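In what follows, residues are counted from 1 in the order of the sequence shown. Remember, it's a predicted structure, so these values are computed and weren't measured experimentally. Only this structure's heavy atoms are used, side chains among them; waters, hydrogens and symmetry mates stay out.
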Amino acid sequence: MRIPDFKLERYFARYEFSAPYLLCSSDIEGWRMKDLLALADAESLSRWEGLTLGYTESTGLPALRAEIAALYPGLAPEDVLTFAGAQEAVFVLMNVLLGAGAHAVVTWPGYQSLYEVARATGAEVTLLPLREEDGWALDLAALRRALRPDTRVVVVNFPHNPTGALPDRATFDALCALCDERGIHLLSDEVYRLLEYDARDTLPSAVERTPRGISLGVMSKALGLAGLRVGWLACRDVDVLRRCMAFKDYTTICNSAPSEVLSVIALRAKEQVLARSRSILASNLALLDSFFARHADTFRWVRPRAGSVAFPRLLRDTPVARFTEELVQREGVLLLPGNVYDFPGNHFRLGLGRLNLPDALARLERYVNATR
């Protein structure tokens, strides 16, 4: 396999553990272990205290698969397969669904593995642009034009990283119907799902909506537990899951035992966990609304509708990569320039989910004012 460097991860490798203010992180502020354990019910706490550090079931702890399945009405634990993070799930699924002679359509800008792993299997990939002038909306007409007889999978990510876009229900239903009509699998990256700012905007998961829908989930984003490295696929296609199980034998084989039990604790207390995430986002969004109103001459942003990231645009003539480099050097504040997505324009990713956002934003504002 030949695959390009993951530009986002290479960029983070330079700064993630040295810059004091990660104003571009896509996850919610991580939970402290003691606070998460305080949420455990009696059965989960007993499971944690009696845990032995041996191998785990390759498909995932049965109690964990049951809790994940409960996120999707109508699904059974057997419809869920766990992985060491969402990244592994993407890698395995793309290798199962695609290969030479196959075609995929993937929304863009987006998480690089969603299209580069597909390409590395030998498949052809068509990137489907989301456009700022359209409010980052999904263009169904453009998607229909991109489909080919050899299209095997359409990949979407809503709530979207990096723009925070979210289609309305009618658009999502039409997307599912189009994939059904063509017999195409729909991989729906739903790692930011349940972070909608208005609960009425929450879409059904793809696996609920269509038999060919495959929903990708993870503990990292909405739940604020990136360090557990637990992700999953929810899928009603028995053959696809069987082939993924077999492929996983060549990757991680099984998950970390402590991570599985901690994930069970979090999912059983998901309303409390999600309430914390939503509270952080609501507070930070209010600050960002004021910030962008004050600096409308420097930035333009399409306000996100859901999730923990946004994709504003720098209006200065300064290349955004230079702007972000000088910012982190002078103020210790890290933004993610849009060139890591190979996306044109002066956009950058902004993270909304960290507790120190008020301090980071104050430093960004100081830099903006000093460089006018």
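Salt-bridge annotation for Arg268 and Glu43: present, with a side-chain N of the basic residue lying under 4.0 Å from a carboxylate O of the acidic one. The residues Arg363 and Asp359 are annotated as not salt-bridged, no charged nitrogen and carboxylate oxygen being separated by less than 4.0 angstrom. Taking a cutoff of 4.0 Å between a charged side-chain nitrogen and a carboxylate oxygen, Arg193 and Glu208 qualify as a salt bridge. In summary, Arg322 and Glu325 do not engage in a salt bridge, as defined by a charged side-chain N under 4.0 Å from a carboxylate O. The pair Asp139-Arg131 fails the salt-bridge criterion, with no side-chain N (NZ, NE, NH1 or NH2) lying under 4.0 Å from an Asp/Glu carboxylate O. Remark: Glu260 does not engage Arg47 in a salt bridge, criterion side-chain N to carboxylate O under 4.0 Å.
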Next item on the list: Go through Arg65 and Glu57 one step at a time and tell me if the salt bridge (Lys or Arg N to Asp or Glu O under 4.0 Å) criterion holds.
Entry: CA-CA 11 Å; Arg65 294 170 76 194; Glu57 295 188 40; 5.4 Å; no
Check: Where do Tyr192 and Asn157 land on the side chain to side chain contact (heavy atoms under 4.5 Å, CB included) test, with the steps shown first?
Finding: CA-CA 9 Å; Tyr192 300 95; Asn157 161 220; 4.2 Å; yes
Next item on the list: In sequence, state the C-alpha distance, the side-chain angles, and the governing distance for Phe83 and Phe91, and then conclude on ring-ring contact (aromatic ring centres under 6.0 Å, His included).
Entry: CA-CA 10 Å; Phe83 296 89; Phe91 183 85; over 10 Å; no
Note to self: I'd like to know whether Cys235 forms a side chain to side chain contact (heavy atoms under 4.5 Å, CB included) with Leu81, so could you lay out the CA-CA distance, the side-chain angles of the two residues, the decisive distance to 0.1 Å, and finally the verdict.
What the structure shows: CA-CA 8 Å; Cys235 174; Leu81 179 61; over 6 Å; no
Next item on the list: Take Ser26 and Asn161, measure what side chain to side chain donor-acceptor pair (under 3.5 Å) needs, and give me the verdict at the end.
Entry: CA-CA 8 Å; Ser26 60; Asn161 172 15; 5.0 Å; no
Next item on the list: Check the pair Val368 / Leu364 against side chain to side chain contact (heavy atoms under 4.5 Å, CB included), numbers first and verdict last.
Entry: CA-CA 6 Å; Val368 168; Leu364 171 59; 4.0 Å; yes
Margin query: Could you walk me through whether His160 and Leu138 satisfy the side chain to side chain contact (heavy atoms under 4.5 Å, CB included) test, starting with their C-alpha distance in whole Å, then the side-chain angles of each, then the deciding distance to 0.1 Å, before giving a yes or no?
Written below: CA-CA 10 Å; His160 185 247; Leu138 177 66; over 6 Å; no
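More than 12 heavy atoms of other residues, nucleotides or ligands shown are found within 6.0 angstrom of CZ on Arg372.
Scanning both residues, Val125 and Ala118, for their nearest heavy atoms gives CG2-CB, 3.7 Å. Counting all heavy atoms, side chain and backbone alike, Val261 lies closest to Ser44 at CG1-O, 4.1 Å. Closest of all the heavy-atom pairs between Ala84 and Asn255 is N-OD1, 3.4 Å. Contact record, Leu23 with Ala360: CD1-CB, 4.0 Å, taken as the closest heavy-atom pair.
Once rounded to the nearest 0.5 Å, the distance linking CG of Leu216 with OG of Ser205 reads 12.0 Å. Note that CG of Asp180 is 11.0 Å distant from NE2 of His185, once rounded to the nearest 0.5 Å. Here the NZ atom belonging to Lys270 is positioned 11.0 Å from the CD atom belonging to Gln272, to the nearest 0.5 angstrom. To the nearest 0.5 Å, atoms CG (Leu186) and CD1 (Ile214) are separated by 8.0 Å. In this structure, the separation between CZ on Arg10 and CD on Gln112 is 11.0 Å, given to the nearest 0.5 Å. Atoms OG1 and CZ, on Thr210 and Phe172 in that order, are 9.0 Å from each other to the nearest 0.5 Å.
A donor-acceptor contact shorter than 3.5 Å is absent between the side chain of Glu196 and the backbone of Pro159. In this structure, Ser263 contributes its side chain and Ser259 its backbone to a donor-acceptor pair below 3.5 Å. Although no hydrogens or angles enter the test, the distance criterion places no donor-acceptor pair under 3.5 Å between the side chain of Lys248 and the main chain of Val92. Distance alone, capped at 3.5 Å, is enough to place a donor-acceptor pair between the Thr82 side chain and the Thr59 backbone. Side-chain N or O atoms of Arg152 include one that pairs as donor or acceptor with a backbone N or O of Asp150 at under 3.5 Å. Side chain of Asp27 to backbone of Gly353: no donor-acceptor contact under 3.5 angstrom is found.
Counting heavy atoms from C-beta outward, Arg182 and Arg212 have side chains that stay 4.5 Å or more apart. Looking only at side-chain heavy atoms (C-beta outward), Phe323 and Asn346 stay at 4.5 Å or farther from each other. Within the 4.5 Å cutoff, the side chain of Ile265 has no heavy atoms near those of the Leu45 side chain. Annotation: side chain of Val191 is not in contact with side chain of Ser220 (no heavy-atom distance under 4.5 Å). Side chains of Glu190 and Lys221 form no contact here, defined as non-hydrogen atoms less than 4.5 Å apart. With a 4.5 Å cut-off on side-chain heavy atoms, Asp79 and Val207 do not count as touching. Looking only at side-chain heavy atoms (C-beta outward), Leu223 and Leu228 stay at 4.5 Å or farther from each other. Contact check for Asp189 versus Leu187: no side-chain heavy atoms found under the 4.5 Å cut-off.
Here ring pair (Phe, Tyr, Trp, His ring centres under 6.0 Å) pairs that include residues 121-154, with residues two or more places apart or in two chains, are Trp136-Phe311, Trp136-Phe343, Trp136-His347.
At a threshold of 4.5 Å between side-chain heavy atoms, the hydrophobic network of Ile, Leu, Val, Met, Phe, Trp and Tyr places Leu61 and Met245 in two separate groups. Criterion: ILVMFWY side-chain heavy atoms under 4.5 Å apart, direct or through other members. Under it, Val264 and Val218 are not part of a common hydrophobic cluster. When the side chains of ILVMFWY residues are joined at heavy-atom separations under 4.5 Å, either directly or via intervening members, Val328 and Val309 end up in two distinct hydrophobic clusters. By the criterion of side-chain heavy atoms lying less than 4.5 angstrom apart, applied directly or through intervening Ile, Leu, Val, Met, Phe, Trp or Tyr residues, Met33 is grouped together with Val273 in one hydrophobic cluster. Under the 4.5 Å side-chain heavy-atom criterion for Ile, Leu, Val, Met, Phe, Trp and Tyr, Val106 and Tyr111 are members of the same hydrophobic cluster.
For Arg229, the salt bridge (Lys or Arg N to Asp or Glu O under 4.0 Å) criterion is met by no residue, not counting sequence neighbours. Scanning for side-chain hydrogen bond (donor to acceptor under 3.5 Å, both in side chains) contacts around Thr171 gives Asp168, with sequence neighbours left out. The side-chain hydrogen bond (donor to acceptor under 3.5 Å, both in side chains) search around Thr324 returns none, not counting sequence neighbours. Not counting sequence neighbours, the partners of Asp342 by the salt bridge (Lys or Arg N to Asp or Glu O under 4.0 Å) test are Lys7.
Side chains of Ser188 and Arg209: no donor on one and acceptor on the other come within 3.5 Å.
For Phe348 and Phe299, the distance between ring centers is under 6.0 angstrom. Side-chain rings of Tyr115 and Tyr341 stay apart, their centers remaining 6.0 Å or farther from each other.
Across Val230, Leu37, Leu51, Leu225, a single residue satisfies side-chain contact (heavy atoms from CB on, under 4.5 Å) together with Leu262, and that is Leu37.
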Table please: side-chain donor-acceptor pairs of residues 98-105 below 3.5 Å, with sequence neighbours left out.
| unit_1 | atom_1 | unit_2 | atom_2 | d |
| --- | --- | --- | --- | --- |
| His103 | ND1 | Thr151 | OG1 | 2.7 |
| His103 | NE2 | Thr126 | OG1 | 2.7 |

